[in-house]
Amino acid sequence: MLPLFRLARGPLTSLRLLPLRACSHAPMDRPVESSIRAKLSRTLAPTHLEVRNESHLHAVPAGSESHFRVLVVSPSFEGLPLVQRHRLVNEALREELAGSVHALSIQAKTPQQWSSDPSLAKSPPCMGGSKHDPGMRLRSDRE
């Protein structure tokens with residue numbers, strides 16, 4: 001049986017119980033992110049994998065899973081040009097890209113590249129969609 005609560009440390013090291021659904025890291029709260037992580041792990045056997053949901057940086061409803069940034073470090077990328085590495089990631093995530101994922105930023109590195117530059121590039125600010133449309137902001141504020 002899965003636990004329904006987790007322990008949380010509060011001020012002065014007090015402990016309190018929080019419902020497990022309130023945990024932001026619970027996989028049931030982020031099914032698309034979990035699917036992305038699982039598929040990339042299974043198909044590319046990465047030595048390092050970061051999956052970041054950046055939907056909150058865009059004009060989408062709270063809790064959306066539509067904009068992601070991934071960093072995949074895998075020996076599978078050895079000898080492949082960048083475009084082929086991206087194709088491998090896109091192929092692994094074909095279902096997600098055909099469904100709820102609107103944007104996917106990919107960094108695909110070999111283990112050697114990662115050891116010489118272990119960083120994840122920052123995302124540019126959102127400039128598209130309805131972010132700058134006052135009518136859309138008002139509608140999302142009412143929801």
Side-chain angles (χ1 to χ4, degrees), residues 1-78 80 82-115 117-143:
M1 174 178 249
L2 293 174
L4 299 176
F5 295 91
R6 72 170 174 96
L7 290 174
R9 291 197 183 274
L12 304 175
T13 66
S14 65
L15 294 176
R16 59 192 171 113
L17 290 175
L18 294 177
L20 194 53
R21 283 195 179 276
C23 303
S24 62
H25 63 276
M28 66 184 148
D29 290 345
R30 301 183 308 207
V32 177
E33 182 177 337
S34 295
S35 177
I36 290 171
R37 190 175 303 282
K39 287 182 178 181
L40 291 176
S41 294
R42 186 173 54 247
T43 59
L44 298 171
T47 57
H48 184 84
L49 175 63
E50 293 183 35
V51 179
R52 296 193 182 172
N53 181 352
E54 296 188 336
S55 301
H56 66 281
L57 301 173
H58 301 274
V60 297
S64 292
E65 288 190 291
S66 57
H67 295 71
F68 287 91
R69 171 174 291 280
V70 296
L71 166 64
V72 186
V73 179
S74 174
S76 303
F77 297 145
E78 293 287 347
L80 296 178
L82 188 59
V83 69
Q84 186 60 37
R85 296 175 190 187
H86 283 224
R87 285 180 183 147
L88 289 173
V89 172
N90 286 329
E91 180 61 27
L93 303 177
R94 180 179 19 173
E95 291 176 22
E96 290 75 10
L97 291 168
S100 62
V101 175
H102 168 74
L104 178 65
S105 175
I106 302 168
Q107 279 189 274
K109 296 183 176 187
T110 65
Q112 183 180 1
Q113 290 171 324
W114 175 247
S115 65
D117 180 18
S119 64
L120 178 63
K122 290 190 177 195
S123 294
C126 177
M127 299 300 287
S130 58
K131 185 174 185 174
H132 303 290
D133 180 348
M136 288 301 291
R137 252 183 275 131
L138 292 174
R139 185 172 16 174
S140 66
D141 290 342
R142 290 191 300 254
E143 294 174 354

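Remember, it's a predicted structure, so these values are computed and weren't measured experimentally.
- Minimum heavy-atom separation, L40 to P46: O-CD, 3.6 Å.
- Listed by chain and residue number, S74 satisfy the side chain to side chain donor-acceptor pair (under 3.5 Å) test with S76 (two or more places apart in sequence, or in another chain).
- The side-chain contact (heavy atoms from CB on, under 4.5 Å) test applied to P118 returns W114, not counting sequence neighbours.
- By the salt bridge (Lys or Arg N to Asp or Glu O under 4.0 Å) test, E54 is found to be paired with R69, residues two or more places apart in sequence or in another chain being considered.
- Taking R42 as the reference, nothing meets the salt bridge (Lys or Arg N to Asp or Glu O under 4.0 Å) condition, with sequence neighbours excluded.
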After noting the C-alpha distance and the side-chain angles of N90 and I106, does the key distance pass the side chain to side chain contact (heavy atoms under 4.5 Å, CB included) rule? CA-CA 9 Å; N90 286 329; I106 302 168; 3.6 Å; yes

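- Of all heavy-atom pairs spanning E33 and V51, the tightest one is OE2-O, 3.6 Å.
- Here R85 pairs with nothing under the salt bridge (Lys or Arg N to Asp or Glu O under 4.0 Å) rule; sequence neighbours left out.
- The nearest pair of heavy atoms linking Q107 to S119 is NE2-O, 4.0 Å.
- Proximity of a side-chain donor or acceptor of S34 to a complementary backbone N or O of R30 within less than 3.5 Å is detected.
- Here T43 pairs with A92 under the side-chain contact (heavy atoms from CB on, under 4.5 Å) rule; sequence neighbours left out.
- Heavy atoms of other residues, nucleotides or ligands lying less than 6.0 angstrom from CD of Q112 number 12 at most.
- Between P111 and E78, some side-chain heavy-atom pair lies under the 4.5 Å cut-off.
- Contacts of H86 classified as ring pair (Phe, Tyr, Trp, His ring centres under 6.0 Å), with partners at least two apart in sequence or in another chain: none.
- Considering all non-hydrogen atoms of both residues, P75 and A45 come closest at CD-O, 4.0 Å.
- With sequence neighbours excluded, no residue forms a side chain to side chain donor-acceptor pair (under 3.5 Å) with E65.
- Nearest approach of F77 to V89, heavy atoms of both residues: CZ-CG2, 4.2 Å.
- The salt bridge (Lys or Arg N to Asp or Glu O under 4.0 Å) pairs that include a residue from residues 96-112 are K39-E96, K109-D117, where partners are two or more places apart or lie in different chains.
- Interatomic distance, CD1 of I36 versus CG of L93, reported as 5.5 Å (0.5 Å rounding).
- Between S41 and L49, the shortest heavy-atom distance links the atoms OG-CD2, 3.5 Å.
- Take R52 and apply the salt bridge (Lys or Arg N to Asp or Glu O under 4.0 Å) test, not counting sequence neighbours, and it matches E50.
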